[in-house]
Amino acid sequence: MEVLYKSTRSRQEPVSASMAILKGLTEDGGLFVPDHIPALDKSLKELAVMSYQEIAYEVMKLYLTDFSEEELKNCIAKAYDKKFDTEVIAPLAEAEGAYFLELFHGATIAFKDMALSILPHLLTTSAKKNHIANEIVILTATSGDTGKAALAGFAGVEGTRIVVFYPKNGVSPIQEKQMVTQRGENTFVVGIHGNFDDAQTGVKKIFSDRQLTTEMAGQGFQFSSANSINIGRLVPQIVYYVYAYARLLAEGKIEAGQRINVTVPTGNFGNILAAYYAKNMGLPIDRLICASNENKVLYDFFCTGVYDRNREFILTSSPSMDILISSNLERLIYRIAGDDPEENARLMTALGGQGRYEITEKMQEKLQDFYGGYAAEEETAATIRRIYGSCGYVIDPHTAVAATVYGKYVQETGDRTPTIIASTASPFKFTRSVMNAIDHKYDSMTDFELVDELSRIANVAVPAAIEEIRSAPVLHDNICEVYEMPDTVKRFLKLQ
């Protein structure tokens, strides 16, 4: 059955999957959502004997219904190849009674690779399908990981250019060096004076600037997005939850049909939303445990039904979660509002104006699948130290936030359901935070001395993504104010 994509904010005509991927955002500023969530059409036992690539096809074919089998399998083959340092793509590691789903074995050692390895191929295929002659300009805001993963995915891809904005003082040193050393004539990286929410809001304003869109079209360009607001990012993320369940089943850790819980460190809400979609496809997921850091806007929302971004923005050791406007939450709000675009638009207008909104009791009742928790900085560090001490397994701060919240959940509920914890980044991306958490004796080391020491104590080889930036030259030293973002894009495209 064909799946079409509609706006969360109006009743405009739905579009095909390929057109939704091309557009990124809807014309009314909303997000594209499927007109229905398709059910898995393979049994869990059938999935248990499949490779990652095979499961990717079985899941994605249900959403991307205007792609032919050949087109989709070609995109998958190009995405999930030797760029990943393990044939299984997303291995599971057992530690302290939970299963850590390692989503960081791709080119940039963060979970964003799982979707951004395939998005360029979905996008260029979509352009051909829709006879688009314009050059596609990918415009992205990043809190650290999306930027590098998008740059790596799109670098050198014919018919595309990519512009990434990141908060100048809001990412880890390794994250920043990964971005500013990016090669490729079609890549452009800019640090802004502001935080991630400022960057994300600035990008959304550029998307909605009709005059700029017209000006670009006249010069043969059109915008698209690589952020998780693009449905082409969200659909591939559903795959790894299905895969993780299939692996647990194949390894005899669970029985077919047995329920599991999923814990996700959450910032922009896309990763946990993908798990929610997987659950609604029929995957036996019970609770969705949403883990926040000290920027606990989502924790407060799940506790009270009030989403309020009017609060202090805190820089933490888990910067990819330092977010106060969780864009993908809009897709969940739309769904619990009964797929009512007018009600959703009213709430999003309130968020844009007063900076807050409150959902109804009836909507809150539809959030029973979710459990919200948060971890303070000292708790996050303590979890890294404890897990390393107990079994020698080293996790990054984002994963540690999730592990901390999962521990609180078990303590509060006594629920021992088998649980997957989304391990969203390699500890090598956050060496200083990780090593300081393990022992403060490492304080005096340089970033790359810490990399080597982490490799030694964890008995894990330094990832290629880190080795290649040790001596790489800085190729992008651009900095701008938030209000200068549109002109910065114009300069890169030589429109002024």
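In this text, all values refer to a predicted model and were calculated from it rather than measured experimentally.
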> Show the atom names and distances, to 0.1 Å, of all donor-acceptor pairs under 3.5 Å that link a side chain in residues 6-34 to residues at least two apart or in another chain.
residue	atom	partner	partner atom	Å
Lys6	NZ	Tyr334	OH	3.4
Ser7	OG	Arg9	N	3.0
Ser7	OG	Thr26	OG1	3.4
Ser7	OG	Asp28	OD1	2.9
Ser7	OG	Asp28	OD2	2.9
Thr8	OG1	Leu31	N	3.0
Thr8	OG1	Glu330	OE2	2.6
Arg9	NE	Glu330	OE2	2.8
Arg9	NH2	Glu330	OE1	2.9
Ser10	OG	Gln12	N	3.4
Ser10	OG	Asp28	OD2	2.4
Arg11	NE	Glu342	OE1	3.4
Arg11	NE	Glu342	OE2	3.2
Arg11	NH2	Glu342	OE1	2.9
Ser16	OG	Ser18	OG	3.2
Ser16	OG	Met19	N	3.2
Ser16	OG	Asp66	OD2	3.3
Ser18	OG	Asp66	OD2	2.5
Ser18	OG	Asn130	ND2	3.0
Lys23	NZ	Glu27	OE2	3.0
Thr26	OG1	Asp28	OD1	2.6
Thr26	OG1	Gly30	N	2.8
Thr26	OG1	Gly30	O	3.0
Asp28	OD1	Gly30	N	2.9

> What orientation do Phe84 and Tyr80 show, parallel under 30°, tilted 30 to 60°, or perpendicular over 60°?
tilted
> Would a 4.5 Å heavy-atom cut-off, applied to side chains only, mark Phe196 and Tyr166 as touching?
no
> Hey, are the side chains of Leu288 and Lys279 touching, using non-hydrogen atoms and a 4.5 Å cut-off?
yes
> Is a side-chain donor-acceptor pair under 3.5 Å present for Glu158 with Asn186?
no
> Could you work out, with ring-ring contact (aromatic ring centres under 6.0 Å, His included) as the rule, every residue matching Tyr299, not counting sequence neighbours?
Tyr374
> Who passes salt bridge (charged side-chain N to carboxylate O under 4.0 Å, His left out) against Glu361, sequence neighbours left out?
none
> Tell me which pairs pass ring pair (Phe, Tyr, Trp, His ring centres under 6.0 Å) where either residue lies in residues 107-138, with sequence neighbours left out.
none
> With sequence neighbours excluded, what pairs up with Lys61 under the salt bridge (charged side-chain N to carboxylate O under 4.0 Å, His left out) test?
Asp41, Glu58
> Do you know which of Thr142, Val189, Val489 makes side chain to side chain contact (heavy atoms under 4.5 Å, CB included) with Phe165?
Val489
> By the definition ring pair (Phe, Tyr, Trp, His ring centres under 6.0 Å), identify the one residue from Phe269, Tyr241, Phe370 that meets it with Tyr276.
Phe370
> Please enumerate all residues that pass side-chain hydrogen bond (donor to acceptor under 3.5 Å, both in side chains) together with Thr417, with sequence neighbours excluded.
Asp415
> Would you sort out whether Glu71 and Leu122 count as a side-chain contact (heavy atoms from CB on, under 4.5 Å), showing the intermediate values?
CA-CA 9 Å; Glu71 286 170 336; Leu122 294 176; over 6 Å; no
> Tyr243 vs Tyr52 aromatic rings, parallel, tilted or perpendicular, using cut-offs 30° and 60°?
perpendicular
> Do the side chains of Arg287 and Thr263 get nearer than 4.5 Å, heavy atoms only?
no
> Check the side chains of Glu46 and Ser43 for a donor-acceptor pair under 3.5 angstrom, ignoring hydrogens and angles.
yes
> Rounded to the nearest 0.5 Å, how far does CE of Met321 lie from CG of Leu298?
9.0 Å
> With heavy-atom distances below 4.5 Å as the criterion, would you say the side chains of Leu367 and Ile336 are in contact?
yes
> Apply salt bridge (charged side-chain N to carboxylate O under 4.0 Å, His left out) to Arg311 and list each qualifying residue two or more places apart in sequence or on a separate chain.
Asp300
> Would you say the side-chain atoms of Asp396 and Thr399 include a donor-acceptor pair closer than 3.5 Å?
yes
> Between Thr201 (side chain only) and Asp198 (backbone N and O only), is there a donor and an acceptor less than 3.5 Å apart?
no
> What residues, two or more places apart in sequence or in another chain, satisfy salt bridge (charged side-chain N to carboxylate O under 4.0 Å, His left out) together with Lys429?
Asp145
> Check whether more than 12 heavy atoms from other residues, nucleotides or ligands sit under 6.0 Å from atom NZ of Lys205, and answer yes or no.
no
> Go through the side-chain N and O atoms of Arg331 and Asn328 and say whether any donor and acceptor fall under 3.5 Å apart.
yes
> Between Glu102 and His105, is a side-chain contact (heavy atoms from CB on, under 4.5 Å) present by the stated rule, with each step listed?
CA-CA 7 Å; Glu102 294 184 349; His105 288 273; 2.8 Å; yes
> If you take all heavy atoms of Leu92 and Ala244, which pair is closest and at what distance?
CD1-O, 3.8 Å
> Tell me, do Pro236 and Met114 make a side-chain contact under 4.5 Å, heavy atoms counted?
no
> Quick one: salt bridge (Lys or Arg N to Asp or Glu O under 4.0 Å) pairs with a partner in residues 344-360, sequence neighbours left out?
Asp308-Arg356, Glu343-Arg346
> Using the ring pair (Phe, Tyr, Trp, His ring centres under 6.0 Å) rule, collect all pairs that involve residues 213-238, keeping only residues at least two apart or in two chains.
Phe207-Phe223
> Could you walk me through whether Gln200 and Asn268 pass the side chain to side chain donor-acceptor pair (under 3.5 Å) check?
CA-CA 10 Å; Gln200 182 168 250; Asn268 217 18; 3.2 Å; yes
> Please round to the nearest 0.5 Å and tell me the distance separating atom CG of Leu72 and atom CD1 of Ile76.
4.0 Å
> Nearest 0.5 Å, what's the CG-CD distance between Leu493 and Glu135?
8.0 Å
> Report the relative orientation of the aromatic rings in Tyr277 and Tyr63; use parallel for angles under 30°, tilted for 30 to 60°, perpendicular for over 60°.
parallel
> Any side-chain heavy-atom pair from Phe301 and Val306 closer than 4.5 angstrom?
no
> Can you list everything that forms a side chain to side chain contact (heavy atoms under 4.5 Å, CB included) with Tyr483? Sequence neighbours excluded, please.
Glu481
> Begin with the C-alpha distance, continue with both residues' side-chain angles, and end with the deciding distance and a verdict on side chain to side chain donor-acceptor pair (under 3.5 Å) for Asn195 and Asp322.
CA-CA 9 Å; Asn195 59 39; Asp322 292 345; over 6 Å; no
> Keeping to residues at least two apart or across chains, list the ring pair (Phe, Tyr, Trp, His ring centres under 6.0 Å) pairs with something in residues 345-366.
Tyr307-Tyr357
> Under the side-chain contact (heavy atoms from CB on, under 4.5 Å) rule, what do Cys75 and Thr125 come out as? Steps first, then yes or no, please.
CA-CA 8 Å; Cys75 290; Thr125 302; 3.5 Å; yes
> Would you mind reporting whether Lys148 and Lys112 have side-chain heavy atoms less than 4.5 Å apart?
no
> Are Leu283 and Met281 packed together at the side-chain level, in the sense that at least one heavy-atom pair is separated by less than 4.5 angstrom?
no
> Would you name the heavy atoms of Ala375 and Thr380 that are closest together and state the gap between them?
CB-OG1, 3.7 Å
